[in-house]
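Here is the structure we will look at.
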Amino acid sequence: MRLSQLFFASLRDDPSEAEMPSHRLLLRAGYLRQLGSGIYSLLPLGKRVSDRVEQVIREEINAIGGQELEMPVVHPAEIWKESGRYFKIGPELVRFKDRGERDLVLAMTHEEVVALLLRDLVQSYRQLPMIVYHFQTKFRDEPRSRGGLIRVREFVMKDSYSCDLDDAGLDVSYRKHYAAYVKIFERLGLEAIAVRSDVGIMGGTAAHEFMVLNEFGEDTLVLCDNGDFADNQQIAEVGKRDPEPEELLPMEDVETPEATTIEALANFLGIPKAKTAKAAFFVTGDGRFVVAIVRGDYDVNETKLVNAIKATGGLRPATVEEITARGMQAGYGSPLGARDAVVVVDELVARSRNLVAGANRVGWHVKNVNVPRDYTPDVMADITNARKGDPCPNCGSPVKLRKGIEVGNIFKLGTDFTVAFGSTYLGEDGQRHPIVMGSYGIGLGRNVACIVEAHHDEKGMVWPEEVAPYAAHLVAIGGARETRVTEVAERLHEVAQGAGYWRDILYDDRDESPGVKFTDAELLGMPWILTVSPRSLAAGGVEVTNRATGERSTRPVGEVEALIRGS
RNA sequence: CGGGGUGUGGCGUAGCUGGCUAACGCACGUGCUUUGGGAGCACGAGAUCGUCGGUUCGAAUCCGACCACCCCGACCA
């Protein structure tokens, strides 16, 4: 490919909107252009990388027996109503009407369609197990996109679906995907770690997310150095050290002006945060008012809270009016005197003695509050975030927290969708059974961005050979002075044309100064930079530079031709 | 949705306390020179100053509304 003809432009300056290295570099090197918030065009270079990532995934999913198909982006809303997700999912699901006033949605994922296809096509246990997958555009109207390709609204995802006879079969399919994902991320040059994760609105029984560590990551991972624990913080249950035993003391009001935060309260009273009880107020999607109590040295984990009270439709923070209406006072809140509220208490609070809790009047707290003596929990559960240094539940050593980006996930869906759609098979026993499904996603663009995050330096991108858009970047210098330079460069380019799509090379045939060409070559990041110049020819051929290591050597033209051919 | 910020040519910016023909660097076109690390000279093209409205003799500049985008948070199968 001649650079003079390539649809791209490299930017000398960083675009002001880009913060993450991957975003900055992909824009600067002309791989990407933004069209709107969370909506991007892939330019030819970006498209080629994405295609290569796609091909790696295709090969590995094929290797576990996946069959590629393609399902639509626009769905009749009806099927999302049938599965119930039309009502569970908020504005993230884009809804619209066609000319006939029929309700349509933009697909966020494809469980419904798969379940429908299964209903139509699978009759007998003899047809299972089966894995189907496709690469298809998803649209999710995220409240906030960010980080270039890291969090977008429109993106292409590989989603595969396993279809099994029973839970044992699902386990096998799940493990196959797990193993395939390990291979995929290895081939992509990503150090992904699998963490257990929440099943969210997918339902189901188990899930892992594959994460790459990154300071811009949106998820917090709880990891044990011994390698025996890796959970998303959303679900991580770690140990909590037992509080000191104490005698129960009688409750006592204490005046605490301006102490509306745990920080201020602990400072004012001169006590550790661990001696306080923190109250957080929520309203569930199904309309219940929830007061969550955790110890002052912990934070409420909303995922755990949702799961503890089976809150459909999630949680939102309660308004001050809603809190007051139930006999409580924001900033000085506790379940003391609360009414019409679901009281959810963290199990550690129940084990802790004589905590300072809100008095539900401005400027006052109550000392020596004890559960269940002074108020009655409706639900008792672990509802706190794991903290750095908390003991690993498996080996007791302190856990650490890290930020991560989710590059793939695997879910055990179960039978929710197949039951909803009546997707059953006739078993060996002559009975109808629902097909057991699993769902497995990998976002292409996000992976492209993560590869750049992992493979770049101050000069630009450094593509691993497996995903590089071109095998090499050919820089011709001094062609105007010495016609032999152009002859050799043209020859190498021609060889590349015959060597196959992915063995093609980028040929910088532009009339630019050497500095510009080298800088662009380093920015664009092909794994090999080939330099032809009067100097290299005098030294015996073509200078071959390894972009990653910077090693360079001069090789005879014939040898470089062989390199381009891949032999 | 809350908080903060930004919209001036393809990119990065200046101008913004009201007054010349909207300026600068890069990129772009033509010509000459140059050619191993973001070249030089000359000429040139390119901007409804986000949109709409208001104030004013006069608005990129002041006021209002709206829109878009970015950052933090909420949210995130």
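Listed by chain and residue number, nothing satisfies the salt bridge (Lys or Arg N to Asp or Glu O under 4.0 Å) test with A:Lys158 (two or more places apart in sequence, or in another chain). Judged as a salt bridge (Lys or Arg N to Asp or Glu O under 4.0 Å), and not counting sequence neighbours, the contacts of A:Glu490 are A:Arg2. Residues passing the side chain to side chain donor-acceptor pair (under 3.5 Å) test with A:Thr384 are A:Lys240, A:Asp382, sequence neighbours excluded. For the salt bridge (Lys or Arg N to Asp or Glu O under 4.0 Å) test, residues two or more places apart in sequence or in another chain that qualify with A:Arg491 are A:Glu561.
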### Query
Could you run down nucleotides 31-40 of chain B 5' to 3' and tag each one B, S or - for protein heavy-atom contact under 4.0 Å?
----BBBBS-
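Per the geometry, CZ belonging to A:Arg316 stands 18 Å off C1' belonging to B:G73, to the nearest Å. For the pair A:Tyr31 OH and B:C11 P, the computed distance is 20 Å after rounding to whole Å. Rounded to whole Å, atom C1' of B:C72 lies 9 Å from atom CZ of A:Arg146. Atom P of nucleotide B:C69 and atom CD of A:Glu19 are separated by 17 Å, given to the nearest angstrom. Protein atom CZ of A:Phe216 is 10 Å distant from nucleotide atom P of B:C71, rounded to whole Å. Put simply, OH on A:Tyr40 is 10 Å from C1' on B:C70, counting in whole angstrom units. Atom P of nucleotide B:C76 and atom CE of A:Met211 are separated by 14 Å, given to the nearest angstrom. Note: CG (A:Asp219) to P (B:A74) measures 12 Å, nearest angstrom.
Ring pair A:Phe185/A:Phe210 is tilted by interplanar angle, where 30° to 60° counts as tilted. Taking the six-membered ring for Trp and thresholds of 30 and 60 degrees, A:His134 and A:His110 have ring planes more than 60 degrees apart, a perpendicular arrangement.
In a base pair of the Watson-Crick type (N1 to N3 plus N6-O4 or O6-N4) or a G-U wobble (N1-O2 and O6-N3), with each distance short of 3.5 Å, B:C1 is matched with B:G73. The pairing partner recorded for B:U30 is B:A42, the criterion being a Watson-Crick or G-U wobble arrangement whose two distances lie under 3.5 angstrom. The partner of B:G18, taking Watson-Crick or G-U wobble pairs whose two distances both stay under 3.5 Å, does not exist in any strand shown. Across the strands present, B:A47 finds no partner; the criterion is a Watson-Crick or G-U wobble pair with both atom distances under 3.5 angstrom. The partner of B:A68 is B:U6, judged by Watson-Crick or G-U wobble contacts that both fall below 3.5 Å. Applying the Watson-Crick and G-U wobble criteria (two distances, each under 3.5 Å), B:U55 pairs with nothing in any strand.
Nucleotides B:A59 and B:C49 have their C1' atoms positioned 11 Å apart, rounded to a whole Å. Remark: the separation of the C1' atoms in B:A68 and B:U51 is 10 Å, to the nearest Å. Of the P atoms belonging to B:G50 and B:G7, the separation is 8 Å, rounded to the nearest Å. The C1' atoms of B:G12 and B:U48 are separated by 23 Å, rounded to the nearest whole Å. When the P atom is compared between B:C24 and B:U6, the two are found 25 Å apart, to the nearest whole Å. The gap from the C1' atom of B:G44 to that of B:G37 amounts to 29 Å, rounded to the nearest Å. Nucleotides B:U61 and B:G18, compared at atom P, are 12 Å apart to the nearest Å. Nucleotides B:C69 and B:A42 are separated by 42 Å at their P atoms, to the nearest Å.
Contacts classified as side-chain hydrogen bond (donor to acceptor under 3.5 Å, both in side chains) and involving residues 145-154 of chain A (residues at least two apart or in different chains) are given here: A:Ser37-A:Ser145, A:Asp141-A:Arg153, A:Glu142-A:Arg151, A:Arg146-A:Glu218, A:Arg151-A:Glu218.
No engagement by A:Gly90 is indicated, since no non-hydrogen atom pair under 4.0 Å with the nucleic acid exists. Backbone-only engagement by A:Gly147 is indicated by non-hydrogen atom pairs under 4.0 Å involving sugar-phosphate atoms exclusively.
Under the 3.5 Å distance criterion, with hydrogens and angles disregarded, no donor-acceptor pair is assigned to the side chains of A:Tyr40 and A:Arg33.
Within 3.5 Å, no donor on the side chain of A:Arg144 pairs with an acceptor on the base of B:C76, nor the reverse.
Nearer the 5' end of RNA chain B, as judged by each residue's closest nucleotide, is the contact made by A:Asp14, out of A:Asp14 and A:Gln234.
Side-chain nitrogen and oxygen atoms of A:Gln34 include none within less than 4.0 Å of the OP1 or OP2 phosphate oxygen of B:A68.
A salt bridge does not link A:Arg326 with A:Glu322: none of the charged nitrogens is closer than 4.0 Å to a carboxylate oxygen.
Minimum atom distance to the side chain of A:Ser145 is reached by B:C70, of the listed B:C71, B:C70, B:C76.
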